[in-house]
Amino acid sequence: MLIILSILCLDVQAQQVFSNNKYPLVDFRPPLDIVPPALAGSFGELRANHFHSGMDYRTNQREGYPVYAIADGYISRLRVQNSGFGLALYINHPNGYTSVYGHLQRFNGKIGQQVKSVQYQKKSYEIDEFPNALLIPVRKGDVIAYTGNTGSSGGPHLHFEIRDTKTEATINPQLFGLEIPDNIPPVIYSMYVYRLNKKPFNESIPKQYFQVSGASGNYRLNSVSTINLSGEVGFGIVATDRHNGASGLNGVYSIELELDGQRIFTSALEWFSFENSKAINSHIDYPTYLNTKRSIQKSFVDPGNPLQIYSNLVNNGRITFTDGKLHQLQYTVTDGKGNKSTLAFKVQADSKAVIDPPEAPAGSSLYAFSNVNEFNTPDLKVILPKGTLYNDLNFQYKKLTRPAGNAYSAIHQIHNNLTPLHTGFEIWIKADSSLSKYQDKALIVNSGRGSQGGYYENGYVKAKPRTFGSYLIAIDTIAPVITPVNISNGKNMNGLSKMSFKIRDNMSGIKSFNGYIDGKWVLMEFDTKTASLWHSFDESTGPGKHSFELLLSDMKENTRKYSITFYK
């Protein structure tokens with residue numbers, strides 16, 4: 001018979017396809033006046049190591065469009081980052097929600113003055129301020145900023161979010177009546193079967209690919225109508241969505257899987273907590289994504305997956321076919337506007353169609369996802385805190401030869417990078433005796449010489465990498481590099497609005513930059529994408545001769561100084 005081991009009733013906490021929560025539908029206006037609105041990224045869209053936390057409004061590949069407060073409220077957070085959201089604003093609204101506006105080009109006059117004041121007060125380009133409710137009130141429709149491309153943006157657009165003010169969970173903005181024209185159903189590209197057979201999911205689980213064809217919301221398997229299966233299996237699907245107009249490939253809102261008319265799996269991206277966003281690597285087939293960049297959304301849930309996007313789960317989406325009968329299955333994929341696409345297929349339970357996963361590798365150690373796990377050798381310690389793993393793991397380790405050049409330990413291969421981690425793990429590597437005079441410059445790097453940070457303590461260098469891989473100890477004794485772009489010693493800068501530089505560091509990364517004109521600290525602005533650093537002249541730099549000094553420091557306190565005089 002068809003064995004269903006357990007039913008997990010998650011309806012109280014998990015989201016439904018169309019929410020039973022009552023969100024205000026008329027309180028908010030759109031953040032832009034570009035008509036019709038078009039998205040470069042949808043809420044919950046699958047991104048590298050995270051779900052997309054808002055909607056990306058297209059701005060015609062231009063910067064400088066006015067950004068409007070979507071409702072009355074007050075500026076509750078002012079944030080400037082080298083990467084991330086770049087220039088960003090947060091507005092708290094009386095109805096219990098917070099709106100977020102990211103990758104801005106500049107703030108409006110009053111807000112910009114407040115930001116600059118804080119930057120000079122703290123002597124820092126990066127700030128994260130939480131003004132009180134009385135400092136910067138705003139009204140619905142006020143121009144608060146202008147669209148840009150700051151931070152980690154891949155092109156000009158407005159990143160927009162709506163969050164629950166109390167919990168800071170981010171919520172799908174389309175649930176608040178912010179319309180995106182869309183009558184196009186999602187596209188289903190392919191379907192996969194995973195031969196789980198009561199094993200933890202990992203890169204060794206056998207899987208089968210099934211091509212899908214169809215259009216206008218109706219899809220079918222290309223080569224077969226019935227799949228012969230035996231034992232415990234899981235399914236996965238590749239699907240995307242478009243909306244009307246200038247749309248890229250966006251994410252879908254929900255995925256449902258039915259077995260013989262009963263829902264056994266639902267995922268719905270109504271909201272999520274930022275602390276769990278990295279669990280996207282458990283939601284998808286992570287090994288396949290790393291190897292091919294194809295995002296297969298699994299329709300079975302790993303036991304250590306903390307996401308609350310699932311409901312209607314039967315045995316966590318794992319299905320056991322042993323009854324010899326023919327079963328009807330159907331996927332229903334829905335976008336944020338309610339457009340649906342379906343994929344129906346049949347499964348014949350066939351005892352001859354057995355494909356078993358491989359056994360655990362020889363010499364591996366079984367680590368339970370629900371425990372704290374430690375691995376120790378005389379020159380290595382690895383600690384996996386509880387909550388690090390999504391599945392039980394057959395942990396493997398290998399010690400490799402110390403490489404030539406800037407290496408103060410052997411290479412330690414910690415499992416492999418195909419296993420996703422929810423949080424970083426602790427690694428302690430015992431240092432060679434030759435490190436003694438460079439202890440304050442020591443750090444841990446991966447095999448590609450990418451810095452993982454770290455510090456020396458009691459004979460070990462300790463760090464917290466975010467992924468499994470191969471690691472060793474290196475040192476960073478080289479100062480960052482400053483390259484002037486439009487300024488030189490003795491140059492007359494009259495008529496130029498700013499002085500510009502390129503900066504870079506070879507290993508540990510830039511920690512700080514500070515500029516001084518005539519001995520006084522001045523604001524230097526930085527764009528990580530282009531490694532560009534600049535100071536925009538203002539009224540404080542008058543006509544005449546001036547001295548300028550730029551101090552750059554990396555994470556290991558290697559410093560570089562650039563000193564010149566210039567004229568205005």
Side-chain angles (χ1 to χ4, degrees), residues 28-35 54 57 59-94 97-151 153 156-162 493-500 515 517 520-527 532-543 568:
F28 298 143
R29 59 149 289 161
L32 299 177
D33 273 347
I34 299 175
V35 178
Y57 281 90
T59 58
N60 301 317
Q61 294 298 312
R62 290 168 44 198
E63 300 184 36
Y65 284 97
V67 178
Y68 300 95
I70 64 170
D72 292 356
Y74 67 92
I75 303 294
S76 57
R77 190 176 185 183
L78 299 168
R79 194 166 193 190
V80 177
Q81 298 173 278
N82 292 333
S83 54
F85 285 169
L87 275 61
L89 286 177
Y90 298 65
I91 301 176
N92 281 12
H93 304 286
Y97 297 99
T98 297
S99 54
V100 182
Y101 314 78
H103 305 307
L104 304 170
Q105 179 195 62
R106 67 188 192 279
F107 305 112
N108 77 11
K110 181 179 179 181
I111 298 171
Q113 290 173 5
Q114 179 64 27
V115 168
K116 190 173 181 179
S117 174
V118 173
Q119 289 173 317
Y120 270 84
Q121 177 187 340
K122 294 183 174 293
K123 294 185 177 180
S124 173
Y125 171 64
E126 289 196 298
I127 62 167
D128 193 6
E129 285 293 298
F130 297 83
N132 68 57
L134 300 177
L135 185 62
I136 315 177
V138 296
R139 301 299 300 270
K140 185 176 185 176
D142 283 353
V143 176
I144 54 173
Y146 297 87
T147 63
N149 187 29
T150 56
S153 170
H157 72 277
L158 174 68
H159 176 88
F160 173 76
E161 298 179 10
I162 296 178
M493 301 294 288
N494 196 34
L496 295 176
S497 63
K498 62 183 180 181
M499 62 173 77
S500 302
I517 293 179
K520 295 182 179 180
W521 187 91
V522 294
L523 179 65
M524 305 295 300
E525 301 178 69
F526 184 56
D527 178 56
S532 297
L533 183 71
W534 68 92
H535 168 70
S536 297
F537 295 117
D538 57 25
E539 65 281 353
S540 64
T541 306
K568 281 286 285 180

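Residue indices begin at 1 and follow the sequence shown. Just so it is clear, the values below take in all heavy atoms, side chains as well, and ignore hydrogens, waters and symmetry mates.
- Under the 3.5 Å distance criterion, the side-chain polar atoms of Asp538 are matched with a main-chain donor or acceptor of Ser540.
- Residues Ser153 and His159 are not in side-chain contact: their nearest non-hydrogen atoms beyond the backbone lie 4.5 Å or more apart.
- Here the CD1 atom belonging to Ile75 is positioned 4.0 Å from the CD1 atom belonging to Ile111, to the nearest 0.5 angstrom.
- At least one side-chain heavy atom of Tyr120 sits less than 4.5 Å from a side-chain heavy atom of Val522.
- Residue Lys123 qualifies as open at atom NZ: its count of foreign heavy atoms under 6.0 Å is 12 or below.
- Leu158 is listed as a side-chain neighbour of Leu104, based on a closest heavy-atom distance under 4.5 Å.
- Between Glu129 and Lys122, at least one side-chain nitrogen of the basic residue sits less than 4.0 Å from a carboxylate oxygen of the acidic one, meeting the salt-bridge criterion.
- For Phe160, the ring-ring contact (aromatic ring centres under 6.0 Å, His included) criterion is met by Tyr101, not counting sequence neighbours.
- Of the possible polar contacts, none joining the Tyr146 side chain to the Glu63 backbone as a donor-acceptor pair under 3.5 Å is found.
- Sequence neighbours left out, the pairs with a member in residues 74-85 that pass salt bridge (charged side-chain N to carboxylate O under 4.0 Å, His left out) are Arg77-Asp128, Arg79-Asp128.
- A donor-acceptor distance shorter than 3.5 angstrom exists from the side chain of Gln119 to the backbone of Tyr125, with no hydrogens or angles considered.
- Taking OG of Ser76 as the start and CG of Asn132 as the end, the distance is 11.0 Å to the nearest 0.5 Å.
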Q: Evaluate the side chain to side chain contact (heavy atoms under 4.5 Å, CB included) criterion for residues Tyr74 and Leu135: first the C-alpha distance (whole Å), next the side-chain angles of each, then the deciding distance (0.1 Å), finally the verdict.
A: CA-CA 8 Å; Tyr74 67 92; Leu135 185 62; over 6 Å; no
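- Pro66 has its side chain out of reach of Asp33: every pair of non-hydrogen atoms, C-beta onward, lies at least 4.5 Å apart.
- Between the side chain of Thr147 and the backbone N or O of Tyr65 there is at least one donor-acceptor pair closer than 3.5 Å.
- Distance check: Ser99 OG to Tyr90 OH gives 11.0 Å after rounding to the nearest 0.5 Å.
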(Q) side chain to side chain contact (heavy atoms under 4.5 Å, CB included), that's the test. Do Thr98 and Ile91 meet it? Break it down for me. (A) CA-CA 5 Å; Thr98 297; Ile91 301 176; 5.8 Å; no
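- Residue Ala88 comes nearest to Gly102 through the heavy atom pair CB-CA, 4.2 Å, listed as atom of the first residue, atom of the second, then distance.
- A salt bridge does not link Lys110 to Asp142: none of the charged side-chain nitrogens sits closer than 4.0 Å to a carboxylate oxygen.
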Q. Could you go step by step and tell me if Trp534 and Ser536 meet the side chain to side chain contact (heavy atoms under 4.5 Å, CB included) rule?
A. CA-CA 7 Å; Trp534 68 92; Ser536 297; 3.7 Å; yes
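- Here Arg106 contributes atom CZ and Leu87 contributes atom CG; the two are 11.0 Å apart, rounded to the nearest 0.5 Å.
- Ring orientation note: the planes of Phe28 and His93 are tilted relative to one another, at an angle of 30° to 60°.
- Between Ala71 and Val138 the shortest heavy-atom distance is O-CG2, 4.3 Å.
- Side-chain atoms of His103 never come within 3.5 Å of backbone atoms of Asn149 as a donor-acceptor pair (strictly under, hydrogens ignored).
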Q: Could you please spell out the steps behind the side chain to side chain contact (heavy atoms under 4.5 Å, CB included) verdict for Met499 and Ile517?
A: CA-CA 12 Å; Met499 62 173 77; Ile517 293 179; 4.2 Å; yes
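- Remark: Glu161 engages Arg163 in a salt bridge (Lys or Arg N to Asp or Glu O under 4.0 Å) (not counting sequence neighbours).
- Each of Ile136, Ile70, Val67 was scored for a side-chain contact (heavy atoms from CB on, under 4.5 Å) with Ile144, with one residue passing: Val67.
- Atom CG of Asn60 is separated from atom NE2 of His157 by 14.0 Å, given to the nearest 0.5 angstrom.
- How far OG of Ser117 is from CD1 of Ile127: 9.0 Å, rounded to the nearest 0.5 Å.
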